[in-house]
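Here the structure comes first, spelled out in structure tokens, and everything after it is commentary.
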Amino acid sequence: MAPSFRSPVVTIIAAAVVATAIVFGAGAAQADTAPPSASTPKTVSADALPTAQINGVVWTQVIVGNTVYVGGEFTRARPAGASAGTSEVTRNNLMAYNLSTGVMTAFNPSLNGAVRAITASPDGLRIYVGGAFTKVGAVARSRLAAFATDTGALLSDWKPTANGTVRALGASGSTVFAGGSFTSANSQSRQRIASFIGSTGTLGAWKGKIPDGAVQALTVSPSGDRVVIGGSFTSYNGATTPGYGMAATNSTSGAGMTWNIGKLIKNAGPNGAILSLTSDADGVYGTGYDFGSGAMFEGTFRASWTNGNTVWIEDCHGDTYSAVPVGDVVYTTAHAHFCGNIGGFKETVPRSYHRTLTFTKVATGTITRNVTGGSYFNFAGKPRPTLLAFYPDINTGTFTGQGQGPWNVAANSQYLLYGGEFTIVNNKRQQGLVRFAVSSIAPDKEGPKATGASFKPTLTTPSAGTVTVRWTSNYDRDNELLRYEVLRNGVVVHTQTGLSVDWSRPAISWTDTGRTPGTTYSYQIRVSDPFGNTVTGDAATKRALGVTTLKETPGVTVPTEPNLAPDVNLLPAPEVAPDANVAPAPEVAPDANVVPAPEVVPDANVVPAPEIVPDLDVVPVPEVVPDVNVEPAPKAGRE
């Protein structure tokens, strides 16, 4: 049984459909809008662009030209910035908006059930929609429908049927491929996969034996010769290796084909599935979830079109719902809570999540052994990509009751789109849909995030005339290389750079020398990203110390023994110039127990002689023995 800390997925999502100084740090250089290395791929900017909103959940998106078609479960839509319940218009489960502006279009077909998949025809003239609906407006459509992209009209010449929910769609040439939980199509037996002629809806020959589960995802090869399917099914045409959760099929007959990654990654049954499959000319990208026995993968993989060989696996922990390749990066959406075995963030207590992850398209290293315990599969030694620095903050929603945020990601060369049930993006209200863009067309205003008291240095004085300034690295949602300036009394006195991301913020320090002893100094840290977005933290103050001197003269201590041996652990005091602040040693008063010498009075009767002879009648002066109970006056010492 799976550990209790993994998050369940009750409702399985549809596959995403895509339109074709001192440097401290977070490990290897990571991508962002201005990466520190020219060899590191760029990501889009983390600026959340204004986008139309919905009141439920988005399961699927597709870009056709400058229009984004959105499917899911919702009844209302509203403009960007509008609060829930205001400025709303009716949009039942299918809508569209302008890719460049985020403004909703007039497209309003009104479907009476959930939309789980959308794909476009190769020529872009129509979109095909699948789901759980049975009507479009007042017109009957049994879980499949097509619309003209120029007018938005429902196409009357395409009306195939399916007896269960359609969860995945793909198109190639003149054929539309569908997957789901149905068992018949156009009233003929079809176990969870079927194909149709794109212009007429006539049932095609593509089929396979899938006795259980559902097909949640599919993608078609660039040449159109094969279709890869994924889901919760436990066999395909009687085979399980591959065939357990994934299979590659001949696009004409449905016959099984070699798919080697399906021998490694096995997600199926009631506790797991392959949730999404997308592709480009470089390969297939799949994601999965694992919630117990019968499943073992929660991350993203890339496989080659040639026999499905493994290119890389990212073994982050936390279900992954959707992925999309764009240029030399791969964007995903998940609720990842650990990527430590691929050089990323560690598990935290309490647990924290990253719902948008980005990776290099190429393999850059190998997975290390899992160290988080539980029943996670050990992918150690398998090739992995590098986690890149793109971390917009997207919250979880409540619509599905599953505690998730984004469920789907789609993109083209300029825009990255997330859809789901979230309600806030980068601390601003934005429900269900959001756009991001490449730096050249984005505001590039996402700057360092830590401010005020949370970005205040700590100060120490390690020696006379010096102040050491320490601070925790700041972080930026889309730039890991930041520039720091140390301000002393408002003036920049030091500059350096550092690498950081939200989950890795190393400590930085610098020592200011030559300060005047006794003077108090104020220090602040100013940080900026490559686009000039700047934050200055709160100030801290410190008094620079000088040479210390003894403040008081020790009191006289009378020893209890007449003779004390010197302490060999004490070093002789160095000679020190008298300190004007130290009072002079007091004069030692005579001890009353010591008899003073009598004053000798010359005898007037004694005539001096050339040689003085002692007079026996004169008492000699006694020799004064020092009193050992009197301690000598102390010497002035150092403060």
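Although no hydrogens or angles enter the test, the distance criterion places a donor-acceptor pair under 3.5 Å between the side chain of N163 and the main chain of T183. The closest donor-acceptor contact from the side chain of Y331 to the backbone of V44 lies under 3.5 Å. Side chain of S142 to main chain of A162: a donor-acceptor pair is present (N/O by atom type, distance under 3.5 Å, no hydrogens or angles). Judged purely by atom type and a 3.5 angstrom limit, D478 has no side-chain atom pairing as donor or acceptor with the backbone of S45. For N426 (side chain) and A46 (main-chain N/O), a donor-acceptor pair under 3.5 Å exists by modelled atom type. Here the side chain of S121 pairs a donor or acceptor atom with the backbone of L125 at under 3.5 angstrom. Judged purely by atom type and a 3.5 angstrom limit, T396 has no side-chain atom pairing as donor or acceptor with the backbone of Q404. Judged by distance alone, with hydrogens and angles left aside, the side-chain atoms of T333 form no donor-acceptor pair with the main-chain N or O of T356 at under 3.5 Å. Side chain of N474 to backbone of A450: a donor-acceptor contact under 3.5 angstrom is found. Remark: side-chain polar atoms of R78 are paired, donor with acceptor, to backbone N or O of A82 under 3.5 angstrom.
Take D328 and apply the salt bridge (Lys or Arg N to Asp or Glu O under 4.0 Å) test, not counting sequence neighbours, and it matches no residue.
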Review point. Would D444 and S439 count as a side chain to side chain donor-acceptor pair (under 3.5 Å) if you check the C-alpha gap in whole Å, the side-chain angles of each, and the deciding distance to 0.1 Å?
Key: CA-CA 6 Å; D444 290 320; S439 177; 2.9 Å; yes
task = Start with the C-alpha gap between R435 and D47, add the side-chain angles, then the distance that decides, and say whether salt bridge (Lys or Arg N to Asp or Glu O under 4.0 Å) holds.
result = CA-CA 9 Å; R435 300 175 300 143; D47 298 271; over 6 Å; no
**Prompt:** Does the pair W158 and I197 meet the rule for a side chain to side chain contact (heavy atoms under 4.5 Å, CB included), with working shown?
**Reply:** CA-CA 9 Å; W158 202 81; I197 302 302; over 6 Å; no
Report the C-alpha separation of S279 and T219 in whole Å, then their side-chain angles, then the decisive distance to 0.1 Å, and conclude whether the side chain to side chain donor-acceptor pair (under 3.5 Å) test is met. CA-CA 6 Å; S279 62; T219 192; 2.6 Å; yes
Candidate pair T400 and E421, rule side chain to side chain donor-acceptor pair (under 3.5 Å), full reasoning: CA-CA 8 Å; T400 67; E421 59 182 305; 2.6 Å; yes
**Prompt:** So W59 and V115, side chain to side chain contact (heavy atoms under 4.5 Å, CB included) or not? Walk me through it.
**Reply:** CA-CA 7 Å; W59 294 121; V115 171; over 6 Å; no
Intermediate values then yes/no, side chain to side chain contact (heavy atoms under 4.5 Å, CB included), F233 and V215
CA-CA 7 Å; F233 53 90; V215 171; 3.9 Å; yes
Could you walk me through whether W503 and H354 pass side chain to side chain contact (heavy atoms under 4.5 Å, CB included), step by step?
-> CA-CA 10 Å; W503 50 268; H354 286 81; 3.8 Å; yes
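A heavy-atom distance below 4.5 Å is found between the side chains of L144 and L169. For the pair V62/V68, no side-chain contact is recorded, criterion being any heavy-atom separation below 4.5 Å from C-beta on. No side-chain heavy atom of V89 sits less than 4.5 Å from a side-chain heavy atom of R76. Side-chain contact check for M95 versus I54: some heavy-atom pair is nearer than 4.5 Å. Proximity of N479 to T33: side-chain heavy atoms (C-beta onward) are separated by under 4.5 Å at one or more points. Using a 4.5 Å heavy-atom threshold, the side chains of S100 and Y415 count as touching. Inter-residue side-chain proximity for F338 and T348 is flagged as unmet; no heavy-atom pair is nearer than 4.5 Å. Using a 4.5 Å heavy-atom cutoff, the side chains of F147 and T151 are not in contact.
For Y128 and F196, the gap between ring centers reaches or exceeds 6.0 Å. Ring to ring, F107 and Y69 are close: their centroids are under 6.0 angstrom apart. Aromatic ring centres of F390 and F436: separated by under 6.0 Å.
If you take CD1 on I63 and CG on N412, they are separated by 4.5 Å, rounding to the nearest 0.5 Å. Between the CH2 atom of W312 and the OG1 atom of T360 there is a distance of 7.0 Å, given to the nearest 0.5 Å. How far OG1 of T105 is from CG of L99: 12.0 Å, rounded to the nearest 0.5 Å. Between the OG1 atom of T165 and the CD atom of Q216 there is a distance of 11.0 Å, given to the nearest 0.5 Å. With rounding to the nearest 0.5 Å, the separation of CD in E298 from OG1 in T320 is 7.5 Å. The OG1 atom of T51 sits 10.5 Å away from atom CG of N98, with the distance rounded to the nearest 0.5 Å.
Using a 4.0 Å cut-off between charged nitrogen and carboxylate oxygen, D529 and K449 do not count as a salt-bridge pair. A salt bridge between K361 and D282 is present, with a side-chain N of the basic residue lying under 4.0 Å from a carboxylate O of the acidic one. Salt bridge E314/R384: absent, no basic N to carboxylate O contact under 4.0 Å.
When all heavy atoms are compared, the tightest approach of C339 to L387 is CB-CD2, 4.4 Å. Annotation for P448 and V535: closest pair O-CG2, 3.4 Å, computed over non-hydrogen atoms. Annotation for W206 and R190: closest pair O-NE, 3.8 Å, computed over non-hydrogen atoms. Nearest heavy atom pair, residue Q53 against residue P79, reads NE2-O, 2.8 Å. Considering every non-hydrogen atom in both A268 and S232, the closest pair reads CB-O, 3.6 Å. In plain terms, the two heavy atoms of A295 and Y289 that are nearest each other are CB-O, 4.1 Å.
In summary, the side chains of N395 and T423 do present a donor paired with an acceptor at a separation below 3.5 Å, with no hydrogens or angles considered. For the residue pair Y285 and D280, a side-chain donor N or O sits within less than 3.5 Å of a side-chain acceptor on the partner. The closest side-chain donor-acceptor pair between N533 and S528, if any, does not fall under 3.5 angstrom.
When N92, T75, T90 are each tested for a side chain to side chain donor-acceptor pair (under 3.5 Å) with S110, only one passes: N92.
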Tabulate below the donor-acceptor pairs under 3.5 Å that side-chain atoms of residues 170-182 make, not counting sequence neighbours, or state none.
none

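Note on ring orientation: taking the six-membered ring where Trp is involved, the planes of H335 and H337 are parallel (angle under 30°, cut-offs 30° and 60°).
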